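Please read these numbers as outputs of a predicted model, since none were measured by experiment.
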Amino acid sequence: MNAHKTAFDIFVNQQQLSKKLGIDRFDMAYCDVDLDTFEVDTTKFPDYNRKQINTNAVSRFLGNSNPTNQFGTDRIVLYRCHCGSDYCGVISFRLEKQGDVILWKDIRCTLIKN
């Protein structure tokens, strides 16, 4: 059986995000991003709605809705720990709109390693 996989990466100023932040790409393999397309077992999680999560993320990333994160700041979480907790580590940014231009500024990584 040949499973179809979808993969994507984020580039900032034509540079792969992991390289820009000095993070090994493998370390990001278990991060969660709200733009993911993975499927969740809806029998175990009946209220889980990946399409709504993706829609909300795009709205935040375009500056059309307020950022939400577990720290209560104005930063938008791009990647978080696979456990779903922002306290384990995140890659986040500040969004600035200038007319029809959307800027992702101050992209940084806050990782807590055991």
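- Minimum heavy-atom separation, Asp74 to Pro67: O-CG, 3.3 Å.
- A donor-acceptor pair under 3.5 Å is absent between the side-chain atoms of Tyr79 and the main chain of Cys109, judged by distance alone.
- The NZ atom of Lys20 lies 13.0 Å from the CZ atom of Arg108; values are rounded to the nearest 0.5 Å.
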**OP:** Walk me through it: do Leu95 and Leu103 pass the test side chain to side chain contact (heavy atoms under 4.5 Å, CB included)?
**Re:** CA-CA 6 Å; Leu95 186 136; Leu103 301 171; over 6 Å; no
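- The distance from the CD atom of Gln15 to the CG atom of Leu21 is 8.5 Å, given to the nearest 0.5 Å.
- Judged as a side-chain hydrogen bond (donor to acceptor under 3.5 Å, both in side chains), the pairs with a partner in residues 59-69 (not counting sequence neighbours) are, in order, Asp34-Arg60, Ser59-Ser65, Asn64-Lys97, Asn69-Thr73.
- The main-chain N or O of Phe11 is never found under 3.5 Å from a side-chain atom of Gln16 such that the two would form a donor-acceptor pair.
- The shortest distance between side-chain heavy atoms of Asp86 and Phe71 falls below 4.5 Å.
- A donor-acceptor pair under 3.5 Å is formed between the side chain of Asp41 and the backbone N or O of Thr43.
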**OP:** Please lay out, stage by stage, how Ile91 and Val77 fare under the test side chain to side chain contact (heavy atoms under 4.5 Å, CB included).
**Re:** CA-CA 6 Å; Ile91 296 174; Val77 173; over 6 Å; no
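- Contact of the Gln70 side chain with the Tyr87 side chain is registered, since non-hydrogen atoms from C-beta on lie closer than 4.5 Å.
- Between Thr42 and Asp47, every side-chain heavy-atom pair lies at or beyond the 4.5 Å cut-off.
- Closest of all the heavy-atom pairs between Leu62 and Ile102 is O-CD1, 3.3 Å.
- Checking side-chain atoms of Trp104 against main-chain N and O of Phe61 turns up a donor-acceptor pair under 3.5 Å.
- For Arg75 against Asp106, the heavy-atom pair with the smallest separation is NH2-O, 2.5 Å.
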